[in-house]
Structures are given as C-alpha cells and as structure tokens.
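Throughout, a chain's letter reflects where its sequence line sits, starting with A, and its residues are numbered from 1.
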Amino acid sequence: MSYNFQEIETKWQKYWSKNQTFKVTEDSSKPKFYVLDMFPYPSGAGLHVGHPLGYIASDIYTRFKRLLGYNVLHPMGYDAFGLPAEQYAIQTGRHPAETTADNVTRYREQLDGIGFSYDWSREVQTCDPKYYKWTQWAFIQMFDHYYDLDANKAKPISELLSKLEEGGSSAVNAHAGEIEEFSASDWKSFDTKKREMTLQLYRLAYLADTAVNWCAGLGTVLANDEVKDGLSVRGSHPVEQKKMQQWCLRVSAYAPRLLDGLDGLDWSDSLKEMQKNWIGKSVGAELCFKAKGLDVEFDIFTTRPDTVFGATFMVLAPESELVELVTTSEQKSAVDAYLLETKKRTERDRLADVKRVSGVFTGSYCIHPFTGKEIPIWIGDYVLGGYGTGAIMAVPAHDSRDYAFAKHFDIPMVQVVSGGDISVESYDAKEGKMMNSDFLDGLDVKEAIKKMVDEVDSRKLGIKKTNYRLRDATFSRQRYWGEPFPIYFKDGIPHTLSVDDLPLELPEVDKYLPTEDGQPPLGRAKNWKTKDGYPLEMSTMPGFAGSSAYYLRYMDPHNEKELVSKDANNYWQDVDLYIGGAEHATGHLVYSRYWNKFLFDIGFVCKEEPFKKLVNQGMIQGRSNFVYRVKGTQKFVSLGLKDQHDTQEFHVDVNIVNNDCLDMEAFKAWRAEYQDAEFVTEEVDGKQVYKCGYAVEKMSKSMFNVVNPDTIVDKYGADTLRLYEMFLGPLEQSKPWNTNGIEGVHRFLKKLWALFYKEEEFIVTDEKASKEEHKVLHTCIKKVLTDVDTFSFNTSVSAFMICVNDLAKIKCNKKEILEQLTVLFSPFAPHFSEEIWSALGNTTSISFANAPKLVESYLVESTHKYPVSFNGKMRFLMDIALDASKDEIEKTVLESEEAKKWLEGKTIKKMIVVPKKIVNIVVG
RNA sequence: GGCCCGGUGGCGGAAUGGUAGACGCAGCGGAUUCAAAAUCCGCCGAUGGCAACAUUGUGCGAGUUCAAGUCUCGCCCGGGCCACCA
C-alpha cells in the first residue's frame, strides 16, 4: 500500500471535525495554555503559501503542548472590517458583508485543507454585530473614563465630576488636553455645553479638532501607522494634513506604562525596539522664554538644557498659535507668504526633500533668560506643531538641523561644548566639556544637564519634563465598512447610547460613497437616528478597533452579557504565545496593549499585558521567473543568450517553470498571445533547455509568482506542505518561496511509510528494540524536544529525516520505536501520524497521546564522542562514557592505541580536558 | 542620519567556543528496468594528487583563546524598522 495522502488527509480532517477533537472547555484540573495567531483579513485573493507559515508553527506548538497535558486554547477568526471590501463594493455595488462572507468561506476551505487544530466553535468575525457590540461597549467605557495621574490609572468620569464640583480644575491631576484653569464655582456656572466641552478634554475617548492625515483618494482620515512616506499604506494615495473634528483615543496617557511594560515581555529585541521608538520617550526640560516688548512668553522643550548658552535664535512651527502674536507688521506679508507656501507643501513634499531649508523671520526677539541678550524668533517648517510645544530654542553649534538653518540664513552660532569643528558641521555628541557657558563652564555634558535643570527649577524658569512621541489615536473613519459609533448628538453635544441598546448595527445605504454634501457614507442611511430622533454619529471606527480585544473574546465567544466572563478570563488569563508578522509592531500591538491596560484599570481583565510571548514569523516573498522575447518577434531566448539580442523581459507564471527551466508547451498554452512562441534554448548539463531568469519580489498576482497552498496540498498533501514550510529555514527569517525542494520532504514521508507498510500490509514486530534502535530514536527525540522551545522547526524536520534514514538502514520495524516516533512526529504531520497511530491499534486521536511518558522514556546516550587533539590539531574521535570523570577521561585517552602512537618520544606539556567537548594535548 | 538583524558550497540552510558545510535541492556515477517513472547505493567547497592524503577555506582587517563561522574592536556589503521628535 503506497502512501495515499489524499485519502488519509480527508479521512482525518473529517474525523477531527465530526468528533470535535479540538474543542476546549475551561478545565481547572489541567494547566491552561493559550496559543494565538494574528487573525487574517479575508481578502478576495485567498491565502497564498506565505500566509500559513506562522499558523503551521503555532499549530505544531499547540499540538506539542496538548501532548504534554496542557488544556490549549487555539482559536481562529477573521478581521473582517476593512477598506478592500468597501473599495470593491464601490466598484461593483455588492454589499461588503456578502463579499466578505464569500472570502471567509474560501479562507476556511484553505485553512481546513492544511489540518490545523483550531477550536472553530470559538470563531469570531469582527464585522458580526454580536462581536462588535463589545467593540462599541469598550468605546463607551473609554468615553466614561479619564486618566488619573495620582492613581496612575483610568477612573470613572463620575469621580471626576465630583472632584470638579468640589475643587475645580486644580483638584484633579489628570492626563488631559489643554485646560484653562477654573474654580469650583466657575464649574457650577458652566452651562451643559461648556461642561461637556471641558469633559471632552479629560475623556479617554474624546472628540477634538485635530490635524489629521486626510486621504482624499480614500475619502477618509488615517492613523499615523496607516501612512507611509506621505502615502496611504492601502492603495498608495497621497495624504495631507487637515484640521477636522475627530474621535480620538487618549493612548498618550498610557505611554509610560506601554514603555515600562515591555520589560516584562518575552518579545524579540527588535520588536521591543520598534515599540520603544514609536513611543519615543525623551527626557529634558521645558524652558520659558519671554518675547521682548510684547506681553508674550512661551515654553520650549529641549533634551539639551546644557546648551542653552549656545541658543542664538528661536524657531516656531508654522502651525503654532504664537506666530500671530509675535509677527511684526513689517514682517507680516513675508510671514503670510511663507505660511501659505508651507500649507501647500504636503507632508509628502516635506519628506521628499528633508534637506531643503526654509523659514522666515517674525521680526520679534526673545530675551535670553540667562544672558539677557536679544535673540531673533523665526518660523521654520522643520519644527513640528504636534511635538513638544511647537517651539524650540535653536543651538546651531550642537544640532545639525539648527546648524543647517543658521548657515542658510546666516545666523551666528556659539560653541558651548568642546569638541568637533563647528566651521564644518555641528557637534551633536553628548560628550565634552562646557565652555562659553558662565556657571556651567568646565563641567561634563551630563553634569551640566543636571545642574542646568536644578538651576532652571530654582529660578522658576521652567520644569523638568518628559515627552513622548506617541500621539493619541484618531479613531474616526469617514467610511462605511466599520463599526458604527454608539454615539448620538443632542444640541451638538455627544452622548453615548445605553449599553442595553447595543449593538448599534450598521445601516443599509444605497451607495458606499460620501454624500453630495461631503458627509460619510452613513449620511445616506435612512433614519440614522436614535428612537428619540437624535442624529447618530456618521463616521465609523478604524480597522484596529475590532482587532484590539479579540483575544479576550475567544475566551468566551458566545457570552451575550459580557465581552468575557470573569471565570473564563481568570482561567485563560492571557496569551502565552502570539505568532504573527512584524508589520503590526507599531499598530495593532500598541493599540491592543493600550486597550487591554484600560480594561485592566477598570477591573475587567486580570492581566495588564495581553501577550506574554510573541514570535514574528518572517515574510515569505515571491520568487518570480522571467522570459526574454526578442523585440518585435515571437522568438524567446534563454537566459544565457539574452544579451546577444535586443530583448524585453516578461514575468512568466512560476507554476509552469521547474528549477528555472521553462515548460515550453505549457507556456504556449498559458496565454493565447504566446501560442506561436518559438524558443532559442541553451545547453545546460548536456540538455537543451529554456532557462528563465528570476528575482525575489513581493508575492502578487501581477508578477505571476503566487503559489497557492491548495495546489501544493493537491499535489503533495498537507503534511508535506507543513513539513516543507518549516524546513524552508528559520521561522523568523524572511525568505523567498521556492517549491524546488519539496520533493525531498515528500520522499521522506514516503520512506517513513515504506518502513512499516510492506506488500500492501502494515507490518510491525513486538520484538524489543535494540540499543542501536533506541539510540537512533532518542537522538531524534532529544533534538526535537529542544527545538520546540526555540521554534527551530527546520532542524527538527532534519532530525526526523536522519532518524528515518538510519532506521531504514537497519531495517527497523519494531512497534516500540514506531509508537514513540509517531507521537513525536504528530504535531508536524498530524494526518500521517493519526493514520499510523490507528494502524497500531489505538482508537483515540493521537492528539492526546501521553507524551510525558515518551519524554521520560528517552535515555541519554551512554557514551560520547570526544575529539582528541595534539598541539591544537584535531586528530581523532574517541568513545568515552558520558559520566566519566576528568581523570578517567585522561586515562582512557592516554591508554588508547592512537594516543600512544602520537605520544611516542614526546613529553606532555599540558593536557586540557573539557568534559563532553574536547581533550587537547600540547606536546613538547 | 539613528537603531536592529544578517553575510558559510551551484542553491535553501546546519554547527551549547571544540571534526565547518548536518539535512534537503540541484548535479554526477552506478544498481534495478526492454525503456522510463519510482526506488536504492555512492560521490559532491577550492587547489594539487590515480589514490591514501596534503594545502586552503565561513565578507575584509586586527585582537582574545590551546582552539573562533561563533567572542571583542574597526571596516565593507545586504536586509528591516524609524526618521526634521528638538
């Protein structure tokens, strides 16, 4: 009986589904383990061979944990709201819900074909009202909370209200917007509208006029992480800054905790680094500068208070409100012209030529707080309105950007730190002795920073300050296919719906485009009002809303009363292992942590950090193939000959290319335009072939380099696909997909099969296994078990191959060996293993076989190969007992024939014995 | 510009500081076969040699060590992330 993978795989997939083998329930008698995959967006293109890489790794890990007796939660679902479905709806008129459902069906078929052990009874879809009810619920909670800095956590707005009533704004220490101070009696005098506008400055989910990334091409605003190089990540449309009223989440309140929390996480250094950069903590001071002759003073933020004596001018961001106040009448026209020019320059232009220096003088001067000298106030677009205070002190001698500005406008500079040559470039390093700096002279930079901060503090010129780069998240999208906000407006004041009225379902619209008067698509919905006739919010939530707490919902997916019950949350706690792509480092993984910390603050979840360990699988790139056509002909020349002709390069479908050799008949049949193709072949290894060129590119339809998992499953089976994806290389590394090596892995499965299936029959003997057979098996067990913890599944697959090769050589068909090997192998090739497992007479799934028994039973080899060398040169290997002492090792080596031969007539100067590693003898 | 990761045969890639190139692909030679597929066996970094073997060899240059692909320092190259963040 040959290895019929199709029959076997269908059989076991049916079995798992029928018996609900992977369904889990909370079971306090077993330790829990939670393995999570980043759920996919179900796109119309279906899965390509790169998508399942992480899923396969997590499935292997899950199956191992299950074998070791853990109760493993391993769920899957879909991040189903999003732009592509909506864009498609605009073009075709088909409802996004419909196309999304189709795509989900297709995804499910593909996933099922690979034999994953998901508990599908816990599936979630973010576009399902039963699910997004809880996304809306969380938003209401955020609306009803503010961030209290004394308690260092979120607190209910009701508590804020009583504090304001009692003591006005000074009674509250909160992370909030810019609040003009008011007393308790002021508060009482405020009308409803004024009160709500004030509360908006405190709420964690709030409405604000903010500069947003407006994407006209998509007709919506985008979050910072949805914009790259001034273009939208989805669709590459230009993005510009625009002021709009938007819902925002006060993520910045959590910046310190998001940063500190990273320390306790088992994430890769590079990923932590990315988050650190994104949060962007910088410690410095805020200094107050007074404008000369005007009743204007303003703060600037600097990380280098030590260089204050080198400040020779000030720069304001073009967006700064101060611009108006300090511009003199003589400079007004120049300033206005400059402001107009910068407004026209989109973010994209600014990024395109960072080196371009531009700015304008305001006509006013500041008084230097220490020297009393007058220094000019400029406007420059290299200062950002959104960071710090939107104003800086410029120290051209020690900041390269200030330096470029000063050079361009011919502003003087003063060196205050020794080192470098400021006639050539600025000296930015935080090293050297202070000079030209009055009371700081002679100090080290680090000492000077400290001293200056103290000085500023005692003279009341400013305060020590920590800034974060992390911005509040804009949470409104002017789109259709997203969660509606549970918000209505009464006299222009936002109110939340009652939780009992959730979910607020997405209404039907006639078209998925904005309305004629520029309202979002929900403006087209009939009766988009509350029962009492108040208008509902028309924008929808962004993509990250639904993905921010999905891991909690999996714990208790059918609960209609809560996002997750206390019991379920206490049992599953947090995600032990999270596998997904590094592209979510600054988006999803920041928002999710924020969301979870907030739920933790309000006592809703038991863990502050959601993802204990995180592994990033590498991207699988496409490997494209090319053919070369002689211009103006139907003649195609092989790679090695293309330089002799004037050729054009074309992508060719990688599925009709084998080892870079083109299947010429398939090529003619591929597309009508190529049916008359002629080929000029070249000789490779004595054969005439058409050799294709290749390149590593993104996997995409237009490059004809997409390889579908179904094609591989049809041809080789799911187990081969699983093994091969793991065999390809280290999990975390990016690599191009190349189907070439898959035969080797498939051959290995056939070989293992053939060990026990002879002449149409499954044959094993009950004979006791020999020492040699045990050694072969145990070497494999040891290797695989150590690999599991480091996710080195590529070398595990190699270990299985070696094991099977060795067993084949000694013609082993012992039941004892096969039983253990199969259990060990089952996470990698589950269908294959189930088949053998049942052939061995077992009636239950191998998924719950007792692996601890297997682990205990494996013996460590009793001897070890010691390399023995003389004078530092390797000469031979010796078998020495593993538990031998240093003296015994020395004795065994010196008494061996080989050593005697080598040592004849020589004296031993030194002998180095490193147990389990080496014996090294230096002779004189 | 800053930070992170990597550089090993024709290719993908193995090597707790200890026989570099495991395992697989491709290639070559052989067995089986009327022939092919499938399967099995052997060879497979470079140079020299019929061979045993010798020399050399992990991007470049130094260093630590009895011993370096691995550790340290300085370069070169490639990839990723961030980037006018004061």
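Base pairing of B:U32 is not made with any nucleotide, judged by Watson-Crick or G-U wobble geometry with both donor-acceptor distances under 3.5 Å. Remark: B:G74 base-pairs with B:C60. Criterion, Watson-Crick or G-U wobble with two distances under 3.5 Å. The partner of B:G1 is B:C82, by the rule that a Watson-Crick or G-U pair needs both atom distances under 3.5 Å. A 3.5 Å limit on both hydrogen-bonding distances identifies no Watson-Crick or G-U partner for B:A68. With a cut-off of 3.5 Å on both pairing distances, the Watson-Crick or G-U wobble partner of B:G48 is B:C53. Applying the Watson-Crick and G-U wobble criteria (two distances, each under 3.5 Å), B:G10 pairs with B:C25. Within the shown strands, nothing qualifies as a pairing partner of B:G17 under the Watson-Crick or G-U definition with both distances less than 3.5 Å.
Annotation for A:A394 and A:Y382: closest pair CB-OH, 4.3 Å, computed over non-hydrogen atoms.
Annotation: B:C5 and B:G9 have their P atoms spaced 22 Å apart (nearest Å). B:C11 and B:U47: their C1' atoms are spaced 23 Å apart (whole Å). Using atom P as the reference point in both B:G18 and B:G69, the two lie 10 Å apart (nearest Å). Nucleotides B:A14 and B:G21 place their P atoms 15 Å apart, quoted to the nearest Å. To the nearest whole angstrom, the two P atoms, one in B:G6 and one in B:G59, are 13 Å apart. Going from the P atom of B:C60 to that of B:A68 covers 15 Å, rounded to whole Å. Only the C1' atoms considered, B:A31 is 32 Å distant from B:G48, to the nearest whole Å. Rounded to the nearest Å, the gap between the C1' atom of B:C75 and that of B:C25 is 35 Å.
For A:F301, the listed nucleotide lying nearest its side chain is B:A86; candidates were B:C23, B:A83, B:A86. The side chain of A:K750 lies closest to B:U39, out of B:U39, B:C40, B:G13. In the set B:G2, B:A86, B:C84, B:C84 carries the atom at the smallest distance from any side-chain atom of A:Y382. Comparing atom distances between the A:D381 side chain and each of B:C84, B:A83, B:A14 picks out B:C84 as nearest. The listed nucleotides are B:A22, B:A86, B:A15; the one nearest the side chain of A:S798 is B:A22. For A:S270, counting side-chain heavy atoms from C-beta on, the closest listed nucleotide (B:C82, B:C23, B:C4) is B:C4. Listed nucleotides: B:C23, B:A83, B:G13. Nearest to the side chain of A:P730: B:G13.
Atom NZ of A:K407 has more than 12 heavy atoms from other residues, nucleotides or ligands within 6.0 Å.
Using a 3.5 Å distance cut-off with no hydrogens or angles, the side chains of A:N467 and A:K281 do not pair a donor with an acceptor. Residues A:Y591 and A:T586 bring no donor and acceptor atom of their side chains to less than 3.5 Å of each other.
The distance between atom CG of A:D428 and atom P of B:C3, rounded to the nearest whole Å, is 13 Å. The interatomic distance linking A:E732 (CD) with B:C4 (C1') rounds to 13 Å, in whole Å. Per the geometry, CG belonging to A:N740 stands 10 Å off P belonging to B:G27, to the nearest Å. As rounded to whole Å, 10 Å separates atom C1' of B:C11 from atom OH of A:Y724. Rounded to whole Å, the distance from CZ on A:R469 to P on B:G2 is 17 Å. In this structure, A:K735 places its NZ atom 14 Å from C1' of B:G6, rounding to the nearest Å. The CG-C1' distance, from A:L384 to B:A86, rounds to 9 Å in whole Å. Rounded to a whole Å, the CD1 atom of A:I279 is 14 Å from the P atom of B:A83.
Regarding contacts with the backbone of B:G24, every side-chain N or O of A:N794 stays at 4.0 angstrom or more from both OP1 and OP2. Taking side-chain N and O atoms only, A:R747 has a distance below 4.0 Å to OP1 or OP2 of B:C25. Using a 4.0 Å cut-off, no side-chain N or O of A:N277 falls inside it from OP1 or OP2 of B:G2. Between A:S734 and B:G79, a side-chain N or O to OP1/OP2 separation shorter than 4.0 Å is absent. Residue A:R623 places no side-chain N or O under 4.0 Å from the OP1 or OP2 atom of B:G12. Taking 4.0 angstrom as the limit, A:Q733 places a side-chain polar atom (N or O) nearer than this to OP1 or OP2 of B:G13.
Among the heavy atoms of the strands lying under 4.0 Å from A:N805 are primed sugar atoms or P, OP1, OP2 only; no base atom is included. Within the nucleic acid shown, A:I392 comes within 4.0 Å of at least one base atom, counting heavy atoms only.
B:G9 adopts a syn glycosidic conformation, its chi angle falling within 90° of 0.
A heavy-atom distance below 4.5 Å is not found between the side chains of A:S796 and A:F727. When side chains are defined from C-beta on, A:C780 counts as touching A:V784, because their heavy atoms get closer than 4.5 Å. The closest side-chain heavy-atom distance from A:I392 to A:D399 is not below 4.5 Å.
Residue whose closest nucleotide on RNA chain B sits further toward the 5' end, between A:P736 and A:K751: A:P736.
Between A:F832 and the options A:Y716, A:Y3, A:F5, A:F748, a ring-ring contact (aromatic ring centres under 6.0 Å, His included) holds for only A:Y3.
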